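Input: a single structure, listed below in structure tokens.
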Amino acid sequence: MAIQSGDTILVQRGSTSYKANALTYSDTAQASDLLLVNRGSNSYKMRYDAVDNANSSDIVLVNRGSTSYKATMEQLRDVLGQPITFTVQLGGPGFSGIDSGCGNSNRKYSYGATISASVTAKTTDIYSFAGDGTTLFINGDWIVTAGHAGNVGVSYTFGCNAIIVGANGLGLSGVGNKTLEGQKPNEYISYSPYYQQLNGGGGAGAPGGATGANGGGGGGGYCQTRPRGENTGSTWNEITVSSISTNPGSNTTQYWRMVYGGVTRTMSYNSTGKLKELLSW
């Protein structure tokens with residue numbers, strides 16, 4: 001039976017024993033805390049800082065309301081800050097515009113990129129999607145980002161609009177490129193009441209694309225992962241990113257998704273929480 005919110009475990013600290021919420025205990029645990037563990041027919045007390053060395057099949061007693069049940073050490077480690085692997089799926093937005101074309105009304109698009117990756121972190125780590133671009137952050141550090149399309153550019157001369165499509169979002173940025181940039185804004189230039197230019201802003205990603213010139217559309221941004229950007233293989237700061245796939249220039253609607261245990265959830269900008277929440281999906 002999986003450990004869930006409200007379950008408690010018995011903890012001994014010094015000469016005092018108390019019940020601790022299993023899902024939040026790691027936030028206040030001390031290395032010398034003692035937990036009661038069963039291995040086969042024997043019971044023993046184990047220090048909290050030895051949890052990583054316990055057998056996955058060791059048993060701990062968990063209370064749920066007025067009922068007690070047995071949970072494995074593997075299940076306990078899942079909620080005490082042990083590794084958890086999930087998939088993040090990000091889609092950078094595209095941009096569109098109407099080309100009046102002196103009578104034409106063709107809608108033109110530039111497309112964002114998508115990236116999917118397997119991420120391994122700790123259940124006590126904090127995830128969020130707030131910040132520059134379409135990006136997964138863990139503990140405030142960006143980990144995976146999707147490339148945005150560059151904004152469209154517009155040339156306007158004597159009543160005739162010409163929409164110039166920005167570049168599509170791009171695939172993976174180069175190894176060692178750890179720059180993360182937000183979407184660059186459009187630039188308006190007015191030469192007279194009858195002539196103005198709009199330079200398309202660059203796409204968010206790593207790095208964001210360059211701003212277009214002379215009414216051109218902006219450049220697209222790249223997708224990137226932090227370990228690749230830091231040139232540290234697949235792991236950076238104890239966070240591993242693997243099974244990376246990108247699809248440049250394929251997306252119009254921005255999205256953030258997390259997949260765990262066969263369940264896919266669409267997140268929103270500013271979504272945040274501890275990764276241990278995924279265990280209850």
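This one's a predicted model, so the numbers in the text were calculated from it and none came from an experiment.
With T240 as the partner, the side chain to side chain donor-acceptor pair (under 3.5 Å) test is satisfied by one option alone out of T235, T225, T120: T235.
For Y48, the OH atom is densely surrounded, since the number of other residues' heavy atoms within 6.0 Å is greater than 12. Within a 6.0 Å sphere centred on CD of Q4, heavy atoms belonging to other residues, nucleotides or ligands number more than 12.
For the residue pair S43/N38, the side-chain donor-acceptor check at 3.5 Å is satisfied. With no hydrogens or angles considered, no side-chain donor-acceptor pair links Y222 and N177 at under 3.5 Å. Between the side chains of T135 and T145, at least one donor N or O sits under 3.5 Å from an acceptor N or O. Between Y111 and N247, the side chains place no donor N or O within less than 3.5 Å of an acceptor N or O (distance only, hydrogens not considered). No donor-acceptor contact under 3.5 angstrom links the side chains of R13 and S32, judged on distance only. With no hydrogens or angles considered, a side-chain donor-acceptor pair links D33 and Y25 at under 3.5 Å.
Not counting sequence neighbours, the partners of Q254 by the side-chain contact (heavy atoms from CB on, under 4.5 Å) test are P93, T134, H148, W256.
I84 is not listed as a side-chain neighbour of K122, based on a closest heavy-atom distance of 4.5 Å or more. Counting heavy atoms from C-beta on, the side chains of M258 and M267 come closer than 4.5 Å. Side-chain contact between K178 and Q224: absent, with no pair of heavy atoms (C-beta onward) separated by less than 4.5 Å. Side-chain atoms of Y44 and D58, non-hydrogen and from C-beta on, do get closer than 4.5 Å to each other. Residues K19 and N63 meet the side-chain proximity criterion, which asks for heavy atoms closer than 4.5 Å.
We find the CG-CG distance between N186 and N151 to be 4.0 Å, quoted to the nearest 0.5 Å. To the nearest 0.5 Å, atoms CG (D125) and CD (E238) are separated by 8.5 Å. Atoms CG and CG, on D7 and L76 in that order, are 11.0 Å from each other to the nearest 0.5 Å.
Counting all heavy atoms, side chain and backbone alike, L180 lies closest to G205 at CD1-O, 3.5 Å.
Identified under the salt bridge (charged side-chain N to carboxylate O under 4.0 Å, His left out) test for residues 239-253, with sequence neighbours left out: none.
Neither Y269 nor W142 shares a network with the other; the hydrophobic side chains, linked directly or stepwise wherever heavy atoms of I, L, V, M, F, W or Y lie under 4.5 Å apart, form separate groups for each.
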